[in-house]
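Here's the structure we're looking at; comments come further down.
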Amino acid sequence: KLHPMLQALAIHPLQCFSTLNFDRKHHYFHHLRRNKQYPFPHSTSFSVSREVNVSASSKQKPLDVKSEIGDDEDELLQEKVIVADDGGDLGWLPAFPHVLTASMANFLFGYHIGVMNGPIVSIAKELGFEGNSFLEGLVVSIFIGGAFIGSVACGSLVDKLGCRRTIQIDTVPLILGAIVSAQAQSIEEMLLGRFLVGLGIGVNTVLVPIYISEIAPTNYRGSLGTLCQIGTCIGIIASLYLAILSENDPHWWRKMLYIASVPGFILALGMQFSFESPRWLCKAGRLDEAKEVINNLWGSSEVDKAIKEFESVLKNDGGDLNCSWLELLEEPHSRVATIGGALFVLQQLAGINGVLYFSSLTFKDVGISSSALASLYVGLTNFAGALCALYLMDKQGRQRLLIGSYAGMTLSMFLIVYAISFPMDGEISNNLAILGTILYIFTFAVGAGPVTGLIIPELSSSRTRGKIMAFSFSIHWVFNFLVGLFFLELVQKFGVAPVYGSFGAVSLLAAAFAYFFTVETKGRSLEEIEVSLNPKFQSKRNSE
């Protein structure tokens, strides 16, 4: 006699999409809705999902069914069946187009990071500031100044306008900045264009992680959030690839900057067809729209539960759109803001920008003379690490990835220090330095890069999420600028080994910080996380 689930698959094959995974102990079928389990074939659809970490109030008892597969009794078959038409778990696919569109902003971020890497010499020569290291540095660093201002401003914009409209408005400085830079005939015009681009990037680096965290289904929030890092990596790779062509064409940089305006137009148009965050809609009092978005992205069965959670949180934490910066001084917002700022300080002091800057010289020692080609290898390594993070984020969790990432970065730094400090064959020393550099960039991309921007909006409350992200990223841009400003001076004064050794020490400190001060957010809704961190909810529970 066929198991009822197999009967359903035989009777309704077009209504069921199943994926098979093997593990080591038992065979579980997890039924999400008791009233839709059996009997079959009278019920035309059903939903089965893996067990996830949820709050005690929302856990459901799994139905255990042991199964033998071939001769191996230890194999575990996990089957996940997704059915859209009964409002069950819709998976990641409905949210993916909206996340992918928003990640175009990160592509622009990565593109503008790398766009000046190769052509800066040609730009300086054509605009008349060749040999002036201060102006060359200013063309690069004014981007960071604009990003700082954009990050601070974004905190208020997203509260008032929501993510979708703010992203669209933000494409204006991104497009204008790219065009002004491409048409620049003087250093002043180039600086203006770079500042406008930085302004737009500063807004988007805050905004996109918030948007993705608020529209992504809980079980896929980590993987979808990693698309930010992947978008940045692809943007860097694209700009570095195009920069190779600039070595033979002194005017190619203008075409590269014109190209930078195209994703801005795509982003503005794409967001017109994307959903607004249901959490912001609920906060703005637009409940019907919020329900429609939840129904389309997460399934009809999630509508009532999600709206109830949203309203409960807003009732206790304030449901208006006028969050003040001073509220970040209150608990638990001050603690989350401190954690967010500290994570970005540690990320920057761990030396990622210094290592990226110095990597071209490291590659040159092993015969790769083209700085653009060396940077392209670095970008591909970064991309490979981001793909690993995409797979691991919702399996291993944010905290574990963060700790493992910084531990790997520590090992990498000390490997490079060993290669530099201890006498050995020149080829062996160079290969060890290359291995350490690649390992450092890879482990950064697996955890310290994507997790930092993802976990901060997850820990933040609905009311203060925009402000906390704005504060954290403004800290990021300040320390990004300081590391870039003093890195070469410190290397010249103390040498590469002591500086890289300090990067390793900071990475070790960051791993300890992640262990003691961050909490795991995997498999928990943003409202569950907020309730667990907010003393208002705890005191209310105690009084009840």
Kindly determine whether T521 and R221 satisfy side-chain hydrogen bond (donor to acceptor under 3.5 Å, both in side chains), including the steps that lead there.
CA-CA 10 Å; T521 58; R221 192 174 61 235; 4.6 Å; no

S151 and W477: side-chain hydrogen bond (donor to acceptor under 3.5 Å, both in side chains), yes or no, with the steps?
CA-CA 9 Å; S151 294; W477 292 116; 3.0 Å; yes

When you look at H333 and F471, which way does the side-chain contact (heavy atoms from CB on, under 4.5 Å) test go after all the steps?
CA-CA 11 Å; H333 313 311; F471 168 78; over 6 Å; no

Step by step, would you call I352 with M409 a side-chain contact (heavy atoms from CB on, under 4.5 Å)?
CA-CA 9 Å; I352 180 61; M409 291 162 65; 5.6 Å; no

Checking side-chain contact (heavy atoms from CB on, under 4.5 Å) for the pair N219/D394: CA distance, chi angles, key distance, verdict?
CA-CA 7 Å; N219 296 340; D394 286 316; over 6 Å; no

Kindly indicate, with the supporting measurements, whether the criterion side-chain contact (heavy atoms from CB on, under 4.5 Å) is fulfilled by S474 and V478.
CA-CA 6 Å; S474 63; V478 168; 5.7 Å; no

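Atom CG of L509 sits about 5.5 Å away from atom CG of L346, to the nearest 0.5 Å. In this structure, E289 CD and L281 CG are separated by 5.5 Å, a value rounded to the nearest 0.5 Å. Put simply, OG on S472 and CG on L328 are 9.0 Å apart, with the number rounded to the nearest 0.5 Å. Atom CD1 of I339 and atom OG1 of T452 lie 12.5 Å apart (nearest 0.5 Å). Separation of atoms CG (L138) and CG (L191) is listed at 5.0 Å; rounding is to 0.5 Å. Atom CE in M413 sits 13.5 Å away from atom CG in L508 (nearest 0.5 Å).
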Which pairs would a plain distance check flag for residues 261-268, meaning a side-chain donor or acceptor within less than 3.5 Å of a matching protein atom at least two apart in sequence or in another chain?
unit_1	atom_1	unit_2	atom_2	d
S261	OG	Y258	O	2.6

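Partner R279 forms a salt bridge (charged side-chain N to carboxylate O under 4.0 Å, His left out) with one of E309, E527, E214 and no other, that one being E527. For the pairing with V203, the side-chain contact (heavy atoms from CB on, under 4.5 Å) check across D170, I167, L174 returns one residue only, D170.
Smallest separation of non-hydrogen atoms from I212 and C228: CD1-SG, 3.5 Å. Taking every heavy atom of both residues into account, Y406 and Q347 meet most closely at OH-CA, 3.3 Å.
Other residues, nucleotides and ligands place no more than 12 heavy atoms under 6.0 Å from the CZ atom of F481.
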